Amino acid sequence: MHYLAEGLRLPTNGLDYTILAIYFAVVLGIGFAARASVKTSLDFFLSGRSLPAWVTGLAFVAANLGATEILGMAATGAQYGVAVVHWYWIGAIPAMVFLGLVMMPFYYGSKVRSVPEFLLQRFDKSAHLLSSVLFAFAAILIAGVNLYALSIVVEALLGWPQWLAIVVAGLFVLAYITIGGLSSAIYNEVLQFFVILAALIPLAILGLKRVGGWDGLSGSLQKSHGDNFMTAWGGTGIGDANPLGANWLTIVLGLGFVLSFGYWTTNFAEVQRALSAKNLSAAKRTPLIAAFPKMFIVFLVMIPGLVAAVIVPKIGTPGSDLTYNDAIPLLMQELLPNGVLGIAVTGLLAAFMAGMAANISSFNTVFTYDIWSKYVKQGREDAYYLRFGRLITAIGVLASIGTAFIASSFTNIMSYLQTLFSFFNVPMFVVFIIGMFWKRASMKSGVWGLFAGTTAAMVNYFWIYKQGIIDIPTDQGANFVSAIVGFVAGAVVMVAVTLFTAPKPEAELAGLVYGTQSPDMEEAPAEGDDAWYRRPALLGWGAIALAALCYIPYSF
């Protein structure tokens, strides 16, 4: 396991620990306050579908403010430069808007309690079970990333052993989710959103001041890393070299479309927040409200990474004992006085707990509703599933403690997360998008599309990239290509299987396919039988051609 450099230990004092203790007390208080509203399993797993849009919107963005955002994006800024903005302006905002305006009417209007349950309604049990198992597995892996990220920070900053930090944080998240269910997680995420901002804003401001402002930062990094390090699109022409190791085509398709839409539209850890809204209007506004702060948060995580690259030019290189993940802790040690330091440590802990809580609360919902109640213990009373939900929450936390150690093999946890997304989220997205826009997609095409997409993405990453069959310069570039390959494979297999298997009866597709409307939906998109998205052959050949183009630059 990787340990942060011993020299990163923070000079914390009683004031810092007092701030931390107050925060933990408030979080547990919110959990106990939320417990009063938990009467049924729907209350526990989806807050009774009663929350206002501003609460679910802030929780939506806070659920993503975990290890991905704080350590991972700062590490990406230190490693790849200004190109980190792609993960926000291309890799998040368009997909969040698409989720709110296009997909939430299907999710909310169909009254599903989880994302995999939508696949049960649209396809069949085999697609539902496979997607449920894949999502539950991925949720535990990603929760482990947040725990690992928290542990390396606490070990370096406060002196706790990593194993102790992992166990304490895991048990704390377990306590407030088990007590108050999703409502506790969501209201804590709203609190955590503001605590995180209070930690990152002074870090970014003081970091810029330390290196002479933006002009000083740009001048230093252009001199040491080249001009492309300080531009988002510099050197991204096909065949050109750039820090990210990707060209504009793989960025736009791999990140901007496949990875981005796969994550934001099918990741139940995010969608669950919108499903807990009080009505369809609030559910649709949830990701739109979240998109506004998301546009600007990039500066709060990118700037510390860039500043760290100036202060420690050798960060992340083989000759340094600091990895890119150390960027945020390094600046906290260098820049923050006591008191502010306590707020920053609290903000980091809040971020990691928000990310872990989002994945654990989605894991317990999927495992209880989509696996246990559908295939193991059917037809039990609601109180049984409420008790089981609390039990599986504890099991999920214990499992994520184990997966935290897997994340330790990656020096940039963002690369690890993107790899997981290309394996699990992208295949689910292709099944969703084809199922929603093509009536003819057969019941059996869903499970085979999931299987083919996941397999193809893994083959590309572990064989074509890792074995050097095709030379792709960076892990991130390989993730973009894996995502595209997984998407194309899933789409092609779905079309092929559909041609030889029976479609779902049209009467059962109401409210599940674009252009249809169920009685429960407040509104549905307009019909358009001749639209381009209803021509699978055109889409299939276009997707194959684009995937081939993505490999060409790495073949020479």
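It should be emphasised that the depicted structure is a prediction, and the values quoted were computed from it without experimental measurement. We use all heavy atoms of the structure for the numbers below, so side chains are in, but hydrogens, waters and symmetry mates are not.
Proximity of a side-chain donor or acceptor of R440 to a complementary backbone N or O of T498 within less than 3.5 Å is detected. With T178 contributing its side chain and A175 its backbone, the two residues share no donor-acceptor pair below 3.5 Å. Side chain of T56 to backbone of T286: no donor-acceptor contact under 3.5 angstrom is found. Between the side chain of S445 and the backbone N or O of A441 there is no donor-acceptor pair closer than 3.5 Å. A side-chain donor-acceptor contact under 3.5 Å links Y108 to the backbone of N279. Under a 3.5 Å cut-off, the side chain of W372 and the backbone N or O of K377 do not form any donor-acceptor pair. The main-chain N or O of Q121 is found under 3.5 Å from a side-chain atom of K504 such that the two form a donor-acceptor pair. Side chain of W264 to main chain of G91: a donor-acceptor pair is present (N/O by atom type, distance under 3.5 Å, no hydrogens or angles).
The neighbour count for Y375 OH, taken as heavy atoms of other residues, nucleotides or ligands under 6.0 Å away, is above 12. Around atom NZ of K278, no more than 12 heavy atoms belonging to other residues, nucleotides or ligands sit under 6.0 Å away. For F137, the CZ atom is loosely surrounded, since the number of other residues' heavy atoms within 6.0 Å does not exceed 12. No more than 12 heavy atoms of other residues, nucleotides or ligands sit less than 6.0 Å from atom CZ of F292. The neighbour count for F451 CZ, taken as heavy atoms of other residues, nucleotides or ligands under 6.0 Å away, does not exceed 12.
G256 approaches I90 most closely through the heavy-atom pair CA-CG2, 3.2 Å. Closest of all the heavy-atom pairs between N425 and T266 is O-OG1, 3.6 Å. Across every non-hydrogen atom of A139 and F363, the tightest pair is CB-CB, 4.0 Å. Between A59 and I186, the shortest heavy-atom contact is CB-CG2, 3.6 Å. I360 and A143 get closest at one heavy-atom pair: CD1-CB, 4.1 Å. Annotation for A127 and L119: closest pair O-CD1, 4.3 Å, computed over non-hydrogen atoms.
Checked by atom type, the side-chain pair S422/N479 shows no donor-acceptor distance below 3.5 Å. Residues S41 and R387 bring no donor and acceptor atom of their side chains to less than 3.5 Å of each other.
Salt bridge E508/R122: absent, no basic N to carboxylate O contact under 4.0 Å.
The aromatic rings of Y384 and F388 sit parallel to each other, their planes meeting at less than 30°, with 60° as the upper class boundary.
Checked against the 6.0 Å centroid threshold, F423 and F462 count as a close aromatic pair.
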Could you walk me through whether S361 and R273 pass the side-chain hydrogen bond (donor to acceptor under 3.5 Å, both in side chains) test, one step at a time?
CA-CA 10 Å; S361 60; R273 273 78 195 138; 3.2 Å; yes
side-chain hydrogen bond (donor to acceptor under 3.5 Å, both in side chains) evaluation trace for T365 with Q272
CA-CA 9 Å; T365 303; Q272 186 180 28; 2.8 Å; yes
Given S114 and D370, is the side-chain hydrogen bond (donor to acceptor under 3.5 Å, both in side chains) satisfied, shown in steps?
CA-CA 8 Å; S114 71; D370 295 287; 2.5 Å; yes
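Between V431 and M494, some side-chain heavy-atom pair lies under the 4.5 Å cut-off. You'll find the side chain of F432 reaches within 4.5 Å of the side chain of V115, heavy atoms only. When side chains are defined from C-beta on, Y107 counts as touching V271, because their heavy atoms get closer than 4.5 Å. With contacts defined as side-chain heavy-atom distances shorter than 4.5 Å, the pair S442/V497 qualifies. Under the 4.5 Å side-chain criterion, counting only non-hydrogen atoms from C-beta, K444 is not in contact with F123. Taking the side chain as every heavy atom from C-beta outward, L391 and N364 never approach each other to under 4.5 Å. Here the side chains of V102 and F437 are in contact, with some heavy-atom distance below 4.5 Å. With a 4.5 Å cut-off on side-chain heavy atoms, R285 and M104 do not count as touching.
Checking Y263, F257, F424, F421 one by one against F429, the ring-ring contact (aromatic ring centres under 6.0 Å, His included) holds for a single residue, F257.
Taking the ring centre of Y369 as origin, the terminal cationic atom of R113 falls inside the region bounded by 6.0 Å and 45° from the ring axis.
Every residue two or more places apart in sequence or in another chain was checked for a salt bridge (Lys or Arg N to Asp or Glu O under 4.0 Å) with R380, and none qualifies.
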